[in-house]
Amino acid sequence: MADYKPQTLEKKWQERWQRERAFEVTEDDPRPKFYCLEMFAYPSGHAHVGHLRNYMIGDVVARMKRMRGFNVLHPFGWDAFGLPAENAAIKNQTHPETWTLENIAHMKGQLQRIGISYAWEREIATCMPDYYHWNQWLFLKMLERGLAYKKRSSVNWCPSCNTVLANEQVIDGKCWRCGTTVVTRELEQWFFRITQYADELLEAADRLPEWPDKVLTMQRNWIGRSEGARVKFPLPDPKGQPDHIEVFTTRIDTIYGANFILLGPEHPLVQQWKAQADPAFRQTLEKFLAQDRTLRMTGEIEKEGFDTGRTAINPFTNKSVPVWVANFVLGEYGTGAVMGVPGHDQRDHEFAHKYNLPITIVVQPGAGAVSSGSAAEPYDGPGTIVNSGEFNGLPTSDAIVKMSEAAEARGIGERTIQYRLKDWGISRQRYWGTPIPVVYCDKDGMVPVPADDLPVLLPKVAEFTGRGDSPLAQVPEFVNTTCPECGGPARRETDTMDTFVDSSWYFYRFCDPKNASLPFDPDKVGYWGPVDFYVGGVEHAILHLIYSRFFARVFRDLGMSAIDEPFTRLLTQGMVLKDGHVMSKSKGNVVDPDDMIEKVGADAIRLYVMFVAPPEKEIEWSDAGLEGSYRFLARVWRLVDQLCETIGGEGIPAPGGIELDDAERALRRKTHDTIRRVSQDLDPRVHLNTAVSALMELVNELYAFCNRSESTRVGRSIDDPATIGVAERPATIAVLKEAVEALILMISPFAPHMAEELWERMGHPDGIVAVGWPAFDEQVSRAEQIVVPVQVNGKVRARLTVSIEVSEDELKSLALADPQVVKNVEGKTIRKVVVAGGAGSRIVSIVAG
RNA sequence: GCGAAAGUGGCGGAACUGGCAGACGCGCCGGACUUAGGAUCCGGUAGCCGAAAGGCUAUGGGGGUUCGACUCCCCCCUUUCGCACCA
């Protein structure tokens, strides 16, 4: 007899798993593969239970799949480059690498203490040269194929982080990381041509049935496909190169109502015209253009325009229309210019109203009578075309086709598809990232570093001032190099890559983490890929998950893999709140897992987090709930502790062929019913909370079974003489053994340490890891009892408890034998008895009269 | 404004394809065992009526489909999340 002492037994099993390399895997394994992955971690210092929830969910699935006969790859690594390391270095006078490696060591210990079953021999850290080497390799491949390119552009600049942000990293005009308002800068930047895959990424989103709809919707919106047309509005008096303004519209059918042209402030013609204008005009234009770009992007400022004094020709009406600059037109989207149709667009209507521009109605809702005059409200729905010459009377949908064709025939426009998605800017003016492997030579210009010279190592020395230029530019030994082409002096690129590059393909590196000649062996990715089950926070729904889908296609097109979609199934786990807020160090509401392990052990934490809510939902941390889970584990412990001498070891037969009494049969049914429920709740559903509750029911049933009489009572306190374990009857022992062993096995994904210990105490010295999932006996489970409602003339008059083995005929006779049914149909003629419902549940309806 | 998801006891949550609403746990109440109990074991716990048997009312609100609705359909309310001038 021994009390449940999680701390010592957990340590024992963690050491044993490590010693026996219990979770390491190879590719030459006859079992089917299963790749289970949680989003790798940024090594920020200390993991709190909110972080750990992610890994616990993946671990339950990985352990369960192992038991069910899969060769399970379950690796872990570190997203180790990034700004916080650099900021910490500035603050603490240490090196980012020191800070990062110390954090990794600590967090790795935390993960081991909570008992996550990782193949640690495959661990990777993106800040190591043997990893970022392959970022550089891939960059060169993308450069060769035109998927990486450099251009000058206005970029989002975070003045606090002192670096560029991708569009995806700007939230409401603010930096995703620090919340500082983002400003615009003109810089030479490297881009990845993700837009080349826009259509494919969008289309394939329909073929990801095991992703949450929410994530797919977000990705679809982010890619933002619109079908429309580009149309040229000629400039009668160009005085310069372009002799027209091209607009993008999804509503070419309203073009007869286009009474003005609006240019975005970034439109090149605006700059050109400004330069040509007289000083007074230029000054007012500049004043207008000085509006804060980020304020404009929030959409909360009033619509304002500036009349350029120029005109263009509407190519359909041949009328002259004024050209304005408008603060609400986005320079980066479409052509940066739009046609203003005040009759049928809310924004254009407001604009026309404000500046007294004419409004023309060209669409009537429905096919009804034509009303005249300008509408007080713009109508932007479908309808019938009016005031549009030869197109009058067409439905708007037809008009879009006909007018597009007309524009194409006249060479003044074409149908196009416009995406909201833009190319991915990857240059970062920071130190702690992958150096971009190109050099600049006065003679040969931009020259890629030859693949044989990779990796371009990040120099150890760098000064961390937090100034707004690239720290690498301060390191002459790094910057000054020779040109691979001509051997003359050259300068290295001093920007580093966005860390999202690192995280966009790490799941392939895990398949072959030590490969020194390629990012991975295609055969190994062919074996393990794609990731079958991927767990992570919904905050990565757009950034990481679109970039990874993009990179998977790049590798595919390089001939490195056959995989389009890197993640077959995605689970976005909910956050862990404390006192109603997300855990964060600054809020002071973090729950440190090591404190909790000290109190109740890792298994109780794991069980609690899995039990308290479905994995997708956020949970509110509760110490009382945690204690409840500890109590449950202690309850299981006591049960097994008191029974194992009787039911453990060899020589006890399976209960299959033995004659059982009612209670034994009921327990056996419960055992197999629980196996069925837990199995289904774990796979294919991942309803971990209900799986745990099914196990709790089984434990309750076991206690009730043993407590039928004083002599078989279990579960009292250790020193209580009433707790002498169980009976004599071989059938009882056989049924109990089956139930208890199934319980231990099924609890092991949740509470692996305790399960191992109990399994050992039951007389199995070889450890649980290699043991299979408990066998499910359908025969036993089919004898399950169900309750069938019996209706008489449409009202439920009785409920029959029957076995689902009962046939329909038997069910009918049972219904008629039920006293209450007899009472309800007494003296009446039974017209009809109906049996309905699916397998397992049947409804008897009796029509009497 | 647009889009998505959700609304069930004191609380977290269950209910799988339309079939006993509230599994399981927390909390609370009681009993047993005890010098003691914040341990353990056993029981109770949606609301209302009733001594009980039992009955009635209940899944945000209102309609509908159905023998039967937490579940499906329509309208409304609330909350959360995402997008937000994308022409």
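As the structure is a computational prediction, the values presented were derived from the model and not from experiment. Chain A is the first sequence line, chain B the second, and so forth, proteins listed ahead of strands; every chain is numbered from 1.
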Is [X] near enough to [N] that one of its side-chain N or O atoms lies under 4.0 angstrom from OP1 or OP2?
X	N	answer
A/Arg685	B/rA15	yes
A/Tyr703	B/rC42	no
A/Ser226	B/rA87	yes
A/Arg676	B/rC16	no
A/Lys303	B/rC85	no

Going by purine N1 to pyrimidine N3 plus the second Watson-Crick contact, or the G-U wobble pair, all under 3.5 Å, which nucleotide sits opposite [N]?
N	value
B/rU59	none
B/rC81	B/rG3
B/rG27	B/rU45
B/rA15	none
B/rA32	B/rU40
B/rA69	none

Between [N] and [M], how many Å separate the two [atom1] atoms, rounded to a whole number?
N	M	atom1	answer
B/rU66	B/rU71	C1'	13 Å
B/rC28	B/rC11	P	15 Å
B/rG3	B/rU8	C1'	26 Å
B/rC86	B/rC76	C1'	32 Å
B/rG68	B/rC20	P	15 Å
B/rG43	B/rA23	P	15 Å
B/rA53	B/rA4	C1'	50 Å
B/rA21	B/rU57	C1'	13 Å

Among A/Leu202, A/Thr195, A/Ile194, whose side-chain contact (heavy atoms from CB on, under 4.5 Å) with A/Ile223 holds?
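Considering A/Leu202, A/Thr195, A/Ile194, a side-chain contact (heavy atoms from CB on, under 4.5 Å) with A/Ile223 is found only for A/Leu202.
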Report the residue (A/Ala704 or A/Ile619) whose heavy-atom-nearest nucleotide on RNA chain B is the more 5′ of the two.
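Final value for this comparison: A/Ile619.
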Whole Å only: how far is the [atom1] atom of [X] from the [atom2] atom of [N]?
X	N	atom1	atom2	result
A/Ile255	B/rA87	CD1	P	16 Å
A/Asp673	B/rC16	CG	P	15 Å
A/Glu266	B/rC86	CD	C1'	14 Å
A/Arg220	B/rC2	CZ	C1'	16 Å
A/Tyr608	B/rG13	OH	P	10 Å
A/Asn689	B/rG22	CG	P	18 Å
A/Asp681	B/rG13	CG	C1'	14 Å
A/Arg638	B/rC41	CZ	C1'	9 Å

Base B/rC81 paired with A/Lys214 side chain (donor-acceptor, <3.5 Å):
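Flag unset: no donor-acceptor pair detected.
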Once hydrogens and angles are ignored, does a donor-acceptor distance under 3.5 Å link the base of B/rA87 to the side chain of A/Arg347?
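In this structure, the two groups form a donor-acceptor pair.
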Who passes salt bridge (charged side-chain N to carboxylate O under 4.0 Å, His left out) against A/Arg631, sequence neighbours left out?
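For A/Arg631 there are no salt bridge (charged side-chain N to carboxylate O under 4.0 Å, His left out) partners, ignoring immediate neighbours.
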What does the B/S/- profile of nucleotides 24-30 of chain B look like, 5' to 3', with a 4.0 Å heavy-atom cutoff to protein?
BSSS---
Are A/Trp637 and A/Phe632 close enough that their ring centres sit under 6.0 Å apart?
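So the answer is no for these two rings.
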Distance only, no hydrogens: is a donor on one side chain within 3.5 Å (strictly under) of an acceptor on the other, for [X] and [Y]?
X	Y	value
A/Trp621	A/Asp623	yes
A/Asp199	A/Tyr419	yes
A/Tyr333	A/Ser226	yes

Quick one: closest heavy-atom pair of [X] and [Y], and the distance?
X	Y	answer
A/Asn259	A/Pro342	ND2-CG, 4.2 Å
A/Met339	A/Asp348	O-OD2, 3.6 Å
A/Met403	A/Ser388	CE-CB, 4.4 Å

How would you label the glycosidic angle of B/rG9: syn (within 90° of 0) or anti?
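It is syn.
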Counting only side-chain heavy atoms from C-beta out, which of [options] sits nearest to [X]?
X	options	answer
A/Arg420	B/rA87, B/rC86, B/rG13	B/rC86
A/Asn707	B/rC42, B/rA14, B/rG3	B/rC42
A/Tyr333	B/rA87, B/rG82, B/rC41	B/rA87

Show me the donor-acceptor pairs, under 3.5 Å and distance only, between side chains in residues 689-697 of chain A and residues at least two apart or in other chains.
from     : atom 1 : to       : atom 2 : distance (Å)
A/Thr690 : OG1    : A/Asp681 : OD2    : 2.8
A/Thr690 : OG1    : A/His687 : O      : 3.1
A/Ser693 : OG     : A/Thr690 : O      : 2.9
A/Glu697 : OE1    : A/Lys670 : NZ     : 2.8
A/Glu697 : OE1    : A/Arg677 : NH1    : 3.4
A/Glu697 : OE2    : A/Arg677 : NH2    : 3.0

